[in-house]
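In what follows, a structure is listed as structure tokens, so that the remarks can point back to it.
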Amino acid sequence: MNQSHMFQNLTHKKMKFEEVFSHILTFMKSEPIGDYKLMMGTDSQVHPSHTLFITGIVIQRVGKGAWACFRKEVVHREMTTLHERISYETSLTEQVAALFTEEKKNDLIEVVLPYIYKGATFTIEGHIDIGSGDRNRTRVYVNEMMARIESLGMEAKIKPDSIVASSYANRYTK
């Protein structure tokens, strides 16, 4: 199994995607009446001999905890061109999003479906580590990257709302 296709968190070191999905399903089933957000995003850090990419997956029960994991990918060169790096981050998020097939998404929706009249919700978000502020060098790529995420049926989130990319994944790129 390719290392970059293995996920990890503080309690589980090597998880295949099926195990990740099982954890997400178990987390949701433990309290089906919840406001659920399935969020994924990638951040990167350029190091002297390589560029490290971290893609995080977080299932959040808003106001009541979360379960998260991530996978690493290393590109063996300094990826210094901003557009290339942002585009590659978005590609890695797209790859992880593609693991959530229609069947898997339906499995997750079926957990909350009986409870939607009691306030249960489920959304899928793709987090991009870019911002649209005037001082942000990445603002010129916002529309392009958001369109890529939205084309997969996810809500695209940018800074300051892209917490999986800019906060969770960022922590593991250092």
Side-chain angles (χ1 to χ4, degrees), residues 4-5 7 9 17 20-21 24 27-28 34-47 50-63 66-75 77-109 111-113 116 120-174:
S4 70
H5 292 99
F7 292 85
N9 60 21
F17 180 73
V20 169
F21 186 76
I24 291 169
F27 180 79
M28 289 178 67
D35 179 7
Y36 287 97
K37 289 184 181 184
L38 176 61
M39 303 173 283
M40 52 206 88
T42 304
D43 191 27
S44 62
Q45 185 75 43
V46 180
H47 295 274
H50 65 282
T51 305
L52 175 62
F53 292 86
I54 299 287
T55 303
I57 300 175
V58 177
I59 181 72
Q60 179 188 25
R61 189 184 303 121
V62 179
W67 184 88
C69 66
F70 65 92
R71 75 178 191 189
K72 291 182 183 184
E73 178 145 335
V74 176
V75 173
R77 64 183 173 85
E78 290 181 67
M79 205 182 268
T80 53
T81 308
L82 190 59
H83 184 256
E84 180 191 24
R85 207 166 66 242
I86 300 278
S87 187
Y88 197 66
E89 287 177 6
T90 303
S91 295
L92 293 172
T93 299
E94 289 168 330
Q95 284 175 26
V96 168
L99 298 171
F100 289 93
T101 59
E102 286 307 309
E103 183 184 1
K104 285 190 171 15
K105 287 185 224 173
N106 287 336
D107 288 347
L108 297 174
I109 291 165
V111 173
V112 298
L113 201 56
I116 53 172
T121 61
F122 178 74
T123 54
I124 302 176
E125 299 177 357
H127 290 197
I128 316 164
D129 192 32
I130 56 177
S132 57
D134 288 342
R135 300 186 58 187
N136 198 311
R137 294 186 309 146
T138 56
R139 70 184 179 282
V140 294
Y141 311 123
V142 167
N143 291 344
E144 175 191 351
M145 300 307 154
M146 285 185 74
R148 286 173 55 182
I149 293 297
E150 288 166 355
S151 73
L152 298 172
M154 295 191 288
E155 284 183 38
K157 299 287 184 184
I158 61 169
K159 288 176 180 174
D161 300 317
S162 57
I163 56 170
V164 174
S166 48
S167 204
Y168 179 70
N170 177 273
R171 179 182 316 158
Y172 298 99
T173 61
K174 303 298 176 225

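Predicted model only: the values in this text are computed from it and were never measured. Along the sequence shown, residues carry numbers from 1. As a basis for the values below, the full set of heavy atoms in this structure was taken, side chains included, without hydrogen atoms, waters or symmetry mates.
By the ring pair (Phe, Tyr, Trp, His ring centres under 6.0 Å) test, Phe53 pairs with Tyr88, sequence neighbours left out. A search for ring pair (Phe, Tyr, Trp, His ring centres under 6.0 Å) contacts involving Phe27 returns nothing, not counting sequence neighbours. Residues satisfying the side chain to side chain donor-acceptor pair (under 3.5 Å) test with Arg85, not counting sequence neighbours, are Ser44. Not a single side chain to side chain donor-acceptor pair (under 3.5 Å) links Glu78 to another residue, sequence neighbours left out. Listed by chain and number, the residues in a side-chain contact (heavy atoms from CB on, under 4.5 Å) with Asn136 are Thr138, Lys159 (sequence neighbours excluded). Not counting sequence neighbours, Glu150 has no partner by the salt bridge (charged side-chain N to carboxylate O under 4.0 Å, His left out) test. Partners of Ser87 by side chain to side chain donor-acceptor pair (under 3.5 Å), not counting sequence neighbours, listed by chain and number: Arg148. The salt bridge (charged side-chain N to carboxylate O under 4.0 Å, His left out) check on Glu102 picks up Lys105, with sequence neighbours excluded. Residues that satisfy the salt bridge (charged side-chain N to carboxylate O under 4.0 Å, His left out) test with Arg135, not counting sequence neighbours, are absent from this structure. Not counting sequence neighbours, the partners of Glu125 by the side chain to side chain donor-acceptor pair (under 3.5 Å) test are His127. Contacts of Phe21 classified as ring pair (Phe, Tyr, Trp, His ring centres under 6.0 Å), with partners at least two apart in sequence or in another chain: none.
Taking the side chain as every heavy atom from C-beta outward, His83 and Glu144 approach each other to under 4.5 Å. Looking only at side-chain heavy atoms (C-beta outward), Phe122 and Val111 stay at 4.5 Å or farther from each other. At a threshold of 4.5 Å between non-hydrogen side-chain atoms, the residues Tyr141 and Ile128 do not count as touching. Contact annotation: the side chain of Phe17 approaches that of Ile57 to within less than 4.5 Å [non-hydrogen atoms, C-beta and beyond].
We find the CG-OG distance between Asp43 and Ser162 to be 9.0 Å, quoted to the nearest 0.5 Å. For the atom pair Asp107 CG and Thr101 OG1, the distance stands at 7.5 Å (nearest 0.5 Å). Expressed to the nearest 0.5 Å, how far CD of Glu155 lies from CG of Asp161 amounts to 10.5 Å. If you take NZ on Lys37 and CZ on Arg61, they are separated by 14.5 Å, rounding to the nearest 0.5 Å. Rounded to the nearest 0.5 angstrom, Ser166 OG and Ile130 CD1 are separated by 11.0 Å. Taken from OH in Tyr36 to OG1 in Thr123, the straight-line distance is 12.0 Å, to the nearest 0.5 Å.
Considering all non-hydrogen atoms of both residues, Thr173 and Asn170 come closest at OG1-O, 2.9 Å. Closest of all the heavy-atom pairs between Arg71 and Leu99 is NH1-CD1, 4.3 Å. The two residues Ser132 and Ile158 make their nearest non-hydrogen contact at OG-CD1, 3.7 Å. Closest approach of Gly126 to Ile149, counting heavy atoms only: CA-CG2, 3.8 Å. Closest approach of Met154 and Ala97 over heavy atoms only: CE-CB, 3.6 Å. Taking every heavy atom of both residues into account, Thr42 and Asp129 meet most closely at O-CB, 3.9 Å.
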field: Verdict with supporting geometry, Leu52 and Lys72, side-chain contact (heavy atoms from CB on, under 4.5 Å)
entry: CA-CA 7 Å; Leu52 175 62; Lys72 291 182 183 184; 4.3 Å; yes
query: Thr55 and Glu73: side-chain contact (heavy atoms from CB on, under 4.5 Å), yes or no, with the steps?
result: CA-CA 8 Å; Thr55 303; Glu73 178 145 335; over 6 Å; no
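Under the 3.5 Å distance criterion, the side-chain polar atoms of Thr51 are matched with a main-chain donor or acceptor of Met79.
Within the structure, every pair that satisfies the ring pair (Phe, Tyr, Trp, His ring centres under 6.0 Å) test and touches residues 152-174, not counting sequence neighbours, is listed here: Phe70-Tyr172, Tyr168-Tyr172.
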